[in-house]
There are 2 protein chains.
Amino acid sequence: MAAKRSSVAGKRPRRTGASPRSAQEPPLSLERIVATAVELLDTHGIDGLSMRRLADRLGAGAMSLYWHVDSKEKVFDLALDSVLAYRESQTAGFQDWREDVVHMLEDWRACMQRHPWSASLLPRRALGPNILGRLEQLSKTLSEAGVADADLNAGIWSLWNYVMGATVTRGSFDLSDDDRAAAQRRLTDLSRLYPTIERSRLLLDDDWDGAFRKGLDFLLDGIAPRP
Amino acid sequence: MAAKRSSVAGKRPRRTGASPRSAQEPPLSLERIVATAVELLDTHGIDGLSMRRLADRLGAGAMSLYWHVDSKEKVFDLALDSVLAYRESQTAGFQDWREDVVHMLEDWRACMQRHPWSASLLPRRALGPNILGRLEQLSKTLSEAGVADADLNAGIWSLWNYVMGATVTRGSFDLSDDDRAAAQRRLTDLSRLYPTIERSRLLLDDDWDGAFRKGLDFLLDGIAPRP
DNA sequence: GCACTTGATCGTACAGCGTACGAGTGAATC
DNA sequence: GATTCACTCGTACGCTGTACGATCAAGTGC
C-alpha cells in the first residue's frame, strides 16, 4: 500500500525507465504531476480531473502516476496547497498590523479566486506547508500586535473562517449573467417570501471585493486590542 | 430532458405502478428519496451515496429515481437544503438583536455539524428555500436593529461567510484522537517552522463552540450601529 | 561479462459509477 | 375497447479509481 517512493525524489535523474515515449518527453515527477493537475482543474473544473486524463497530458500511462502519488485524493491535496504558495515579503511589513492582516487575507482570497475549484477542496483534512505557513504568519502578526492571549486563537480562527467562508460563498453565490437574470425574476416572484433580501438586492450586488474588505474591517474592529 | 415530473407531486396517490415489490412497500416520492439520501449520507459519508445504493434502500430500481429527480446533483442540493430546515420561532424574538443573531447562527452551525457531509456541499450553487429563508431572517434582524443601509449587505455577508467558514474549517481541522497525536508529534518537530502556532496550541485547542461564539462577538462588535 | 537489485513505467482487469434509452405496467379517461 | 398518463425498471455505454503483475533500464557486486 501507499506509494513506493519515499517522500523526497531520488537524487540522480537515472535516465528514464522503460517508457518508449516520444523520446525527449521529460520524465514524470511529482512537480510535473501537480502542475498539470492544476492546469487541468483550471480548464476543466473539478470533475475534469481524472487520473487517465492527467496521465495522458503527461504522455504517460495512468498507472505510472501511482508511483509518485498515493491516490487521487493526494493529488487534490497537493494541487490545493500548491496553489496557495506565497512569499512572505509580499504580504507583511507595513506600518499598521491591520494593513498587514488585510494584505495577507486578500492575497489568500485572491489565490483561491483564481482557481475556483479550490473552494470545493477546503472541507478536507489538508494541512499543507503553505496553509500552515499562512496560518503561522497570521498568528504571528496578531500576536505581535498585542492581541490578548485569551483572544488570540479565537481571533485567528475567526479571520480564517471568514476568509474560507468568503471564498466558499463566492463560489455558490456568484452568478452568471443568465443566472442573474433568472434570480432576478425568481426573486421578484418571491419578494413576498424574502422581502428584505429583495429590497437590499443582496443577491444581485456583485461588489464582492468591497464587501470582503468591509467585513474584514468589522472583524478587525472586534479583534483589535482595547486600549 | 430533465425530469418528466412537474415540480409539485400529483394530487391523487394513484395506486402504485408497475412495481411488483414486496407488496406494501411505500411508493417512491421525492420526500422519501431525500430523506433516505440524508440517512445514507449520515451513515456512509459523501462517497457512500450512489444512485444504485439509494434505490436499493428504497426497494426500487436505480432508474426509477430519475423520474422524481433530474440528476444526482439535484439529490445533493435537496439533501442539503432539507437538513437546514428551521423554525423561525426557535431563533428569534429575544430582547437583544445580538442575541437573536447569535441564536440564528449557532443553530445554523449546529445543523451542519450534525451532518458533516453538508460542508462539502456548500461550494455549490444551491439556493434552497431554507437557505434563503435563513438569509432573509438574518437580513431582517440586522435591518431592524438599525444597521446603516450602507453597512447592511456587508454585515450580512460577513456573518454568513463566518458561519460558512466555521463549518468548513471545522471539517478540515477537527482531528480524531489519532490525528491529534500525529499532529502533536509533527508540530513539535516543526515547531521551528511554525513557532507561533505551536506555542498557542492553535491546532490542538478543541473548544470550537467557544471560539465560534467569541468570533461572532468580534464580528458583531464591528457591525453594531455606532451611537 | 554476468547475476541481481532498484527505480520507474505501463497493460490488463475489476468493480462500481451516473444515466440514456426504451420497454413495460396498471389505473384513469374517453 | 382504445388511448393516454404516471410511473417503474432492465440493459447498456462509457467512464471512473486502482490492485496486480509484467517489464525494462540503469546501477551494483562479483
Side-chain angles (χ1 to χ4, degrees), chain A residues 1-33 37 40-41 44-77 79, chain B residues 1-23 25-33 37 40-41 44-77:
Chain A
M1 60 287 310
K4 296 106 206 170
R5 187 168 95 130
S6 63
S7 59
V8 180
K11 283 298 149 62
R12 305 163 257 76
R14 223 180 191 289
R15 293 318 321 141
T16 165
S19 151
R21 285 202 307 271
S22 59
Q24 67 270 41
E25 189 99 48
L28 278 180
S29 73
L30 198 55
E31 294 72 27
R32 253 174 39 91
I33 290 176
L40 220 42
L41 285 165
H44 293 86
I46 200 147
D47 292 328
L49 177 64
S50 82
M51 294 305 265
R52 276 174 247 254
R53 250 221 257 205
L54 180 52
D56 267 6
R57 279 238 179 166
L58 289 159
M63 291 312 292
S64 307
L65 301 178
Y66 285 87
W67 195 86
H68 300 268
V69 150
D70 282 354
S71 65
K72 190 188 182 184
E73 297 280 291
K74 203 76 187 177
V75 177
F76 276 137
D77 291 348
Chain B
M1 62 273 331
K4 297 102 205 173
R5 188 169 95 130
S6 63
S7 60
V8 180
K11 281 301 149 60
R12 305 163 258 76
R14 221 178 190 289
R15 294 316 322 140
T16 165
S19 152
R21 283 203 306 271
S22 59
E25 190 99 47
L28 239 44
S29 73
L30 198 56
E31 293 72 27
R32 253 175 38 91
I33 290 176
L40 219 42
L41 285 165
H44 293 86
I46 201 147
D47 292 328
L49 177 64
S50 83
M51 295 303 267
R52 278 174 243 253
R53 249 220 258 204
L54 179 52
D56 267 5
R57 278 238 179 166
L58 289 159
M63 291 312 292
S64 306
L65 301 177
Y66 285 87
W67 196 86
H68 301 268
V69 150
D70 282 353
S71 65
K72 189 188 182 184
E73 298 280 290
K74 203 77 187 178
V75 176
F76 277 136
D77 290 348

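Every heavy atom of this structure was used, including side-chain atoms; hydrogens, water molecules and symmetry mates were not. All of these numbers come straight from a predicted model, not from anything done at the bench. Every chain is numbered from 1 and lettered A, B, ... according to where its sequence line falls, protein lines coming before strand lines.
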Can you tell me how far [atom2] of [N] sits from [atom1] of [X], to the nearest Å?
X: A/I46; N: D/dG17; atom1: CD1; atom2: P; result: 12 Å
X: B/W67; N: C/dA20; atom1: CH2; atom2: C1'; result: 18 Å
X: A/D56; N: C/dG11; atom1: CG; atom2: C1'; result: 14 Å
X: B/K72; N: C/dA20; atom1: NZ; atom2: C1'; result: 17 Å
X: B/D47; N: D/dG17; atom1: CG; atom2: C1'; result: 11 Å
X: A/L65; N: D/dC20; atom1: CG; atom2: C1'; result: 17 Å
X: A/L54; N: C/dC10; atom1: CG; atom2: P; result: 13 Å
X: A/Y66; N: C/dG7; atom1: OH; atom2: P; result: 22 Å

Could you give the distance from [atom1] ([X]) to [atom2] ([Y]), rounded to the nearest 0.5 Å?
X: B/S71; Y: B/E73; atom1: OG; atom2: CD; value: 5.5 Å
X: B/L28; Y: B/W67; atom1: CG; atom2: CH2; value: 10.0 Å
X: B/S29; Y: B/L58; atom1: OG; atom2: CG; value: 8.5 Å
X: A/K72; Y: A/L49; atom1: NZ; atom2: CG; value: 5.0 Å

key: Heavy-atom pair of closest approach, residues A/G48 and A/L40   = O-CG, 4.0 Å

ask   = Do you know the tightest heavy-atom contact between A/R32 and A/P27?
value = NE-O, 3.2 Å

Side chain of [X], heavy atoms from C-beta onward: which of [options] has the nearest atom to it?
X: A/M63; options: C/dC21, D/dC20, C/dC17; result: D/dC20
X: B/S50; options: C/dG7, C/dC17, D/dC7; result: C/dC17
X: B/A60; options: D/dT16, D/dT8, D/dC9; result: D/dC9

task = Would you indicate, yes or no, if C/dA8 has its OP1 or OP2 atom less than 4.0 angstrom from a side-chain nitrogen or oxygen of A/S64?
result = no

ask   = Is there a side-chain polar atom (N or O) of B/H68 under 4.0 Å from OP1 or OP2 of D/dA6?
value =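 False: B/H68 side-chain N/O out of range (4.0 Å or more) of D/dA6 OP1/OP2.
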
request  = Starting from the first five and the last five pairs of the helix from C/dG1-D/dC30 to C/dC30-D/dG1, work out the angle between the resulting helix axes, to 10 degrees.
outcome  = 20°

base_contact_polar (C/dG16 base, B/R52 side chain, donor-acceptor, <3.5 Å) =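 Result: no qualifying N/O pair found.
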
message = If we ignore hydrogens and angles and just use 3.5 Å, is the side chain of A/K74 paired with the main-chain N or O of A/H68 as donor and acceptor?
response =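 Absent.
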
